[in-house]
Each structure stands twice: as structure tokens, then as C-alpha cells.
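Side chains included, hydrogens not; waters and symmetry mates left out as well; all remaining heavy atoms used.
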Amino acid sequence: MGYNVAIDGPAGAGKSTIAKLVAKEKGYIYVDTGAMYRALAIHFLKKGIAPENTEDIIEACRDADVSICYENGAQQVYLNGENVTGMLRTEEAGNMASKTSGVPEVREKLLELQRTLARENDVIMDGRDIGTNILPNADVKIYLTASVETRARRRYDELKEKGEDCDLDQIAQDIKERDERDMNRETAPLKKADDAILVDSSHMTIPQVVSEICSHCR
């Protein structure tokens, strides 16, 4: 059995960045579940499916194959044999993933792959329902959060650095709406597990957050 660390939290809390650094520090395999949902979202976008068209979303899951591999130590995500890693972090993919990740068939599509990775390896996995649903028996559970204002500013700075045109107020509004959807969806909503350690990164540096989480891991 692998040693499992689960990191949950809302959009923009820095889960992926932190999980990758903790994985490197501790020698774990990093499993980015959000990237897997975004890969499926790209599949739906490529097919021109509207997120509210649940029947077409379910049908599209049948011919989608999402896989993770590591090349030169970096995680690569493949969709039907195509490396889509560079497309995962667009706002379009993120919004589609948020709107479709509550569909039970979408979650079922990816659940077994995630659990198999955790059974066979020492992993750190981040997402919305890792500690509550996907890895309920994880050795360490972290709930990583930050204020809406902090998360919006981080996302704004990230997009600006990439040369993308964006609006801070719109990003903040998108984050609020995504939080609302994630926390109130019927299937596996975002919530803090009873035995999870709360880490609020609003006023912490990245090294401070990494150090805090590492202190709870073996």
C-alpha cells in the first residue's frame, strides 16, 4: 500500500503548485486530479458540447481516454493519445471542468485511475474531494484555502505574466461562482474533511505553506 497525502481546497488556493513542491521534497508521485478533469473538459470543448447538456457529456465520456505519465520528472497529461498539458490551464478549460465535474459519470471515469495510482505508489493528490471521497483513508489530509481576493490576485498575476488580457474583478467573480458550484453540487461537493488540517495561505509564502504541510508528512 502506498502512503497517501490528500490536499483539498477551492479554486485558486495554490493546491497544484504546493502539491508539486511537497512531492519533490518528500519523494512522492504528484497526481493532479484537476488536470484530469480539465483534460476531459478539453474533450467536451473539442466536441462543441455545452456544459448543461448532460446526456452528451455522458456519451462523450465513453470515447475519452485520459492518462498521466512522467517525462523528465514532469507530469504530462494525455487525451486520446494527444499531449494536452499545455491546454489545461486556460480559463475555458477550467470553467468547463468546474461545470461538468459534478456529473457522476465524469467522476466515475477518472476515479479508478486515481485510486489505482494511490494503492501502488506514495502519492500526493490534490482536488476538491480527495480526502472526503477519493482517498477517505489518506494518511494525511490538508484543506488548503485562501481568501477570494488573494486567489483572484494570484490568478490575475499569473495570466498577466503569460501576456493574457484579463480583468481582476471578473476573475474574482468567476472564483466566487466556482466556489458556489463546487460547494453545492450534489455529487462529492467541496468540503473540509473532519480529520483534515486547515491551512489558510492568504498571508503565507509558498515556502511557508510547503514547510507547514511537510511537517505533517512522514
Side-chain angles (χ1 to χ4, degrees), residues 6-22 30-42 44-45 50-52 57 77 84-103 106-107 110 124-134 141-193 196-206 208-210 212-213:
I7 299 183
D8 291 308
K15 298 184 299 295
S16 297
T17 297
I18 297 302
K20 288 174 187 173
L21 291 170
V22 173
Y30 166 61
V31 181
D32 181 356
T33 61
M36 297 166 75
Y37 283 102
R38 284 170 181 256
L40 268 188
I42 290 169
F44 305 146
L45 289 167
E52 60 273 11
I57 292 290
V77 181
V84 295
T85 307
M87 308 177 207
L88 298 176
R89 296 300 167 186
T90 64
E91 289 295 290
E92 189 179 25
N95 284 325
M96 175 62 94
S98 176
K99 291 172 182 176
T100 58
S101 61
V103 176
V106 170
R107 308 190 72 77
L110 299 174
I124 182 166
M125 197 177 293
D126 73 284
R128 302 289 192 278
D129 65 335
I130 310 303
T132 55
N133 182 53
I134 296 175
K141 298 178 186 179
I142 302 292
Y143 189 85
L144 180 63
T145 190
S147 67
V148 170
E149 294 75 18
T150 297
R151 289 183 279 145
R153 171 57 66 179
R154 288 172 180 169
R155 183 62 176 156
Y156 177 84
D157 291 344
E158 180 184 338
L159 292 172
K160 279 295 187 183
E161 192 173 319
K162 293 178 180 177
E164 296 184 29
D165 188 30
C166 54
D167 178 78
L168 181 60
D169 291 338
Q170 185 58 52
I171 292 171
Q173 185 61 36
D174 287 346
I175 286 175
K176 287 179 184 176
E177 291 175 1
R178 197 176 300 183
D179 285 352
E180 184 71 17
R181 285 196 301 270
D182 290 344
M183 292 176 178
N184 292 288
R185 67 191 184 198
E186 290 185 16
T187 303
L190 167 66
K191 63 180 180 180
K192 177 182 174 292
I197 300 160
L198 176 66
V199 178
D200 187 331
S201 69
S202 297
H203 304 292
M204 298 174 72
T205 64
I206 289 174
Q208 286 173 334
V209 177
V210 171
E212 171 67 18
I213 294 175

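- R128 is not listed as a side-chain neighbour of S101, based on a closest heavy-atom distance of 4.5 Å or more.
- Minimum heavy-atom separation, D129 to D8: N-OD1, 3.2 Å.
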Original post:
Taking it one step at a time, do Q208 and E212 satisfy side-chain hydrogen bond (donor to acceptor under 3.5 Å, both in side chains)?
Top reply: CA-CA 6 Å; Q208 286 173 334; E212 171 67 18; over 6 Å; no
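- At a threshold of 4.5 Å between non-hydrogen side-chain atoms, the residues S98 and D182 count as touching.
- The backbone N or O of V77 lies less than 3.5 Å from a partner atom in the side chain of T85, making a donor-acceptor pair.
- Contact annotation: the side chain of R155 approaches that of L159 to within less than 4.5 Å [non-hydrogen atoms, C-beta and beyond].
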**OP:** Report the C-alpha distance between T145 and L198 in whole Å, list the side-chain angles of each, state the deciding distance to 0.1 Å, and finish with yes or no for side chain to side chain contact (heavy atoms under 4.5 Å, CB included).
**Re:** CA-CA 8 Å; T145 190; L198 176 66; 4.0 Å; yes
**OP:** Go through the steps to decide whether S201 and R154 satisfy the test side-chain hydrogen bond (donor to acceptor under 3.5 Å, both in side chains), and finish with yes or no.
**Re:** CA-CA 12 Å; S201 69; R154 288 172 180 169; 3.2 Å; yes
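- A salt bridge links E158 with K162; the closest basic N to acidic carboxylate O contact falls under 4.0 Å.
- Between the side chain of K15 and the main chain of G9, a donor-acceptor pair closer than 3.5 Å is present.
- Closest of all the heavy-atom pairs between A39 and V84 is CB-CG2, 4.2 Å.
- R178 and A11 get closest at one heavy-atom pair: CD-CB, 3.5 Å.
- To the nearest 0.5 angstrom, E52 atom CD is 9.0 Å from I57 atom CD1.
- Using a 4.5 Å cut-off on side-chain heavy atoms (C-beta onward), T33 and L110 make no contact.
- Distance check, rounded to the nearest 0.5 Å: CD1 of I175 to CD of E180 gives 14.5 Å.
- When the shell of 6.0 Å around NZ of K191 is examined, it contains 12 or fewer heavy atoms from other residues, nucleotides or ligands.
- From I7, atom CD1 reaches atom CD1 of I18 across 7.5 Å, with rounding to the nearest 0.5 Å.
- In terms of modelled atom types and a separation under 3.5 Å, the side chain of S202 and the main chain of S147 share a donor-acceptor contact.
- Across all non-hydrogen atoms, the minimal contact from C166 to Y156 is SG-CD1, 3.6 Å.
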**OP:** Using the side chain to side chain contact (heavy atoms under 4.5 Å, CB included) rule, take M125 and D32 through it: C-alpha gap first, then chi angles, then the decisive distance, then the call.
**Re:** CA-CA 6 Å; M125 197 177 293; D32 181 356; over 6 Å; no
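- The closest donor-acceptor contact from the side chain of T187 to the backbone of G102 lies under 3.5 Å.
- In this structure the side chain of R181 reaches within 4.5 angstrom of the side chain of N95, judged on heavy atoms.
- Without hydrogens or angle criteria, R38 side chain to L88 main chain gives a donor-acceptor distance under 3.5 Å.
- Dense packing is recorded around CD of E91, with more than 12 heavy atoms of other residues, nucleotides or ligands lying under 6.0 Å away.
- Between L40 and T100 the shortest side-chain heavy-atom distance does not fall below 4.5 Å.
- The minimum heavy-atom distance linking R89 with S16 is given by the pair NH2-OG, 3.5 Å.
- Atom CG of D126 and atom OG1 of T17 lie 9.0 Å apart (nearest 0.5 Å).
- Summarising the geometry of Y143 relative to M183, their closest heavy-atom pair is OH-CE, 4.2 Å, with the distance given to 0.1 Å.
- With rounding to the nearest 0.5 angstrom, the CD1 atom of I197 is 9.0 Å from the NZ atom of K192.
- Between the CE atom of M96 and the CG atom of L45 there is a distance of 4.0 Å, given to the nearest 0.5 Å.
- With hydrogens and angles left out, the side-chain atoms of D174 and Q170 include a donor and acceptor closer than 3.5 Å.
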